[in-house]
Amino acid sequence: MKYLDLVSTYEKLDNTTKRLEMIDHLVELIKKTPTDLIDKIFYLTLGEPSWIGKPEIGMAEKLAIKTISASFGIPVKKIESHLKKVRGLSSENRTTDLGSFVGTLKGKKQMTLIKPKPLTVSQVYSTFEKMRTFSGSGSQERKMKSLASLLGNASPKEAKWIIRTIEGKLRVGIAEMTMIEALAIAFTDDKTNKEIIENAYNLRCDLGYIAKELAVNGIKAIKNIKIQIGNPIRMMLAQRLATPEEILEKLGGKCALEYKYDGIRIQAHKNEDKIVLFSRNLESLTEQFPDVREYIKGINVNQLILEGECVAYDITKNKFKPFQELMHRRRKYDIDKVKEQFRVKLFVFDLLFLGRKSYLNESYVKRRKELENLIKNNGLSTAKNLIVESPKPFYDFLDNSIKDGCEGVIAKSIQIDSIYKAGARGFLWIKYKHSYQENLGDSIDLVVVGANMGRGKWAGVYGAVFGAIYDKDTDSFKTTCKIASGFTEDVLKTLMDLFDPLRIKKQDPRVELPKEIKPDVLFSPNIVIEVRGDEITLSPTYSAAFGEFKENAGLSIRFPRFIQIRKDKNPEDATTTDELIQMFQNQNKK
DNA sequence: TGTGCCTGCCC
DNA sequence: ATTCTGC
DNA sequence: GCAGAATGGGCAGGCACA
């Protein structure tokens with residue numbers, strides 16, 4: 001099978017936003033794919049599941065640019081400035097990404113050369129597989145050589161999609177769910193079978209495997225896929241709503257509330273003495289948390305799958321450590337040493353499998369009850385919970401969760417149909433964070449001092465803007481974060497017009513921008529925007545309130561999002577250093 | 001051997 | 001993670 | 001309301017290079 005067959009599907013997908021049309025193209029592709037290549041098509045399109053343990057390709061945008069620079073003899077700087085320029089253009093011309101750029105380079109070169117033999121799907125796939133295996137000194141060079149030789153044999157279109165694949169995002173509007181629907185139609189002529197396939201995928205999170213199984217053994221084999229201890233289950237996710245009142249209404253007037261701990265989600269599998277741990281995205285965490293494995297080992301059953309939130313805990317102060325400190329535990333080396341430094345607790349909140357029985361289709365109430373029976377006297381806790389039937393106790397429980405150092409609560413349905421809906425972000429679980437209920441006083445006003453150009457569907461507008469606080473003492477603006485979320489397309493267009501007259505070539509002397517941070521464009525400090533975040537964090541990067549709380553660290557914002565433009569404010573009316581310091585202190589009193 | 005850039009993955 | 005948008 | 005695509009801060013680790 002030619003790689004061009006895959007590429008032409010990508011091109012068609014890229015040219016439509018209609019889901020049904022996309023699915024048609026995918027069905028056509030799947031139908032003409034030989035059985036032995038079906039999994040590879042899926043891996044090339046969606047990426048491979050990483051829980052299997054293969055090394056990553058370890059190559060993304062910058063190394064792709066370096067490769068292109070070497071193979072075409074164009075300096076890296078030139079490629080980067082070209083990209084910056086085309087990203088300022090509208091996305092209509094579809095040449096705003098690195099892949100398309102390589103395509104045009106190939107197009108120019110190809111004129112004088114004999115057309116190379118078309119690439120095959122196996123050839124492209126096996127080159128990527130080979131690149132995964134390179135490590136150690138000189139490995140980047142070898143990866144670049146492999147990619148360069150692939151590009152050397154590629155047509156302009158092929159080159160474009162090879163680069164997009166390496167960049168890790170095809171961004172053609174398809175992902176797992178669309179592929180599953182296409183599978184159902186291609187192999188069973190009945191799109192309602194997508195539920196069966198999705199269900200199997202939830203238990204065996206490898207669509208390449210599922211596709212091949214379907215191709216070889218049919219839908220019956222897919223129905224037979226069951227939980228296997230040691231293979232991760234796709235995690236159930238929570239929806240969000242604006243108020244506790246809405247949540248109660250959605251859940252039928254009553255629900256269970258659980259603390260939303262600020263840590264890492266862990267799915268633990270126990271088979272006799274063998275314990276393995278998975279992250280929310282199904283990466284292995286087994287090696288990182290030997291202490292958690294010990295806790296699980298202490299549970300007196302042979303087969304078990306459960307989930308909990310792993311939080312760093314300060315034993316002497318008897319309170320949680322910030323998420324940032326827990327992150328020190330995500331490491332490969334010095335685990336034994338660091339595990340003493342950052343002790344963790346696991347707050348267990350769900351039971352997925354026990355003995356020989358799946359609990360996925362049991363109700364929340366039953367799962368929770370079984371869980372409480374299991375988690376006794378072995379160093380583990382269950383997530384703190386309470387059943388509520390009205391807003392008042394809801395708010396009280398929420399307040400307590402904040403006082404105890406949590407982010408908020410997860411409201412869970414206690415109806416009879418409240419199953420563990422693997423892989424789904426449905427309304428059986430609804431999260432409500434403290435940050436949702438903050439009033440306007442808790443947002444901050446930042447002066448915009450620069451921006452990056454957007455990519456993909458945001459080509460032609462800014463993809464992110466840099467925000468700064470005002471420092472009264474020095475009469476200067478200190479960058480504190482970058483904002484990209486919360487913009488509607490209208491606002492993005494407005495920003496283009498608003499900032500056009502403010503563009504400057506050289507940094508304004510009153511603006512302090514950390515040297516590692518290089519915006520695509522700079523603005524003289526003028527426009528103020530309102531920004532909301534979940535919390536203020538210590539920042540190794542940004543210089544706002546630098547050194548006030550920690551040596552060589554400033555303050556930044558976790559999950560910053562744009563709220564509105566504040567035309568009524570002058571740059572000097574922005575949040576000041578003193579105010580930010582005050583906010584940080586208040587937040588840490590809790 | 002130290003530093004800076006890049007990547008992948010937590011949220 | 002948050003947020004927006006086409007279907 | 002789903003599915004997908006824009007984008008955030010910040011941690012460790014791998015590699016290149018001085």
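A note on names: the letters A, B, ... follow the listed sequences, proteins ahead of strands, and every chain is numbered from 1.
Screening A/Arg343, A/Arg329, A/Lys345 for a side-chain hydrogen bond (donor to acceptor under 3.5 Å, both in side chains) with A/Asp291, the sole residue that qualifies is A/Arg329.
Comparing atom distances between the A/Ala464 side chain and each of D/dT7, B/dC9, D/dC11 picks out D/dT7 as nearest. Comparing B/dC11, D/dA3, D/dG1 by their nearest atom to the side chain of A/Thr178 picks out D/dA3. In the set B/dG8, C/dT2, B/dC10, the nucleotide with an atom closest to the side chain of A/Asp534 is C/dT2. With C/dG6, B/dC10, C/dT3 as the candidates, the nucleotide lying closest to the side chain of A/Glu489 is C/dG6. Here the side chain of A/Met327 is nearest to one of C/dA1, D/dC11, D/dG8, namely D/dC11. Which of C/dA1, D/dA6, D/dG9 sits closest to the side chain of A/Ser556 comes down to D/dG9. The side chain of A/Tyr436 has C/dT2 as its nearest neighbour among D/dA6, C/dT2, D/dG8. With distances taken from any side-chain atom of A/Gln324 to the nucleotides D/dC2, D/dG10, D/dG9, the minimum falls on D/dG10. Each of B/dT7, B/dC9, D/dC15 was ranked by its minimum atom distance to the side chain of A/Ser139; first place goes to D/dC15. Side chain of A/Thr17, nearest nucleotide from D/dG10, D/dG8, C/dC7: C/dC7.
Donor-acceptor pairing under 3.5 Å, judged by distance alone, is absent between the side chain of A/Ser485 and the base of D/dT7.
In the displayed structure, A/Lys433 atom NZ is contacted under 6.0 Å by more than 12 heavy atoms of other residues, nucleotides or ligands.
A cation-pi arrangement is not found for A/Arg164 relative to A/Tyr10, the charged atom failing to lie both closer than 6.0 Å to the ring centre and inside a 45° cone about the ring normal.
For the OP1/OP2 pair of C/dA1 and a distance below 4.0 Å, the side-chain nitrogens and oxygens of A/Lys433 include no atom meeting the criterion. Between A/Tyr462 and D/dA6 there is no side-chain N or O to OP1 or OP2 distance below 4.0 Å.
Close placement of the A/Phe549 and A/Phe584 rings is indicated, their centers lying within 6.0 Å of each other.
Using a 4.0 Å heavy-atom distance criterion, A/Leu20 is classed as making no nucleic acid contact. A/Ile483 comes within contact range of no nucleotide atom at all, as no heavy-atom separation falls under 4.0 Å.
Judged by closest nucleotide on DNA chain B, A/Ala60 is the one of A/Ala60 and A/Asn281 placed further toward the 5' end. Place A/Lys515 and A/Met59 on DNA chain B by their nearest nucleotides, and A/Lys515 ends up nearer the 5' end.
The separation between A/Gln288 atom CD and D/dA12 atom P is 12 Å, rounded to whole Å. If you take CZ of A/Arg171 and P of D/dA3, they are 22 Å apart, rounded to a whole angstrom. Per the geometry, CZ belonging to A/Arg132 stands 10 Å off P belonging to B/dG8, to the nearest Å.
Classification of the A/Phe499-A/Phe523 ring pair by plane angle, with boundaries at 30° and 60°, yields parallel.
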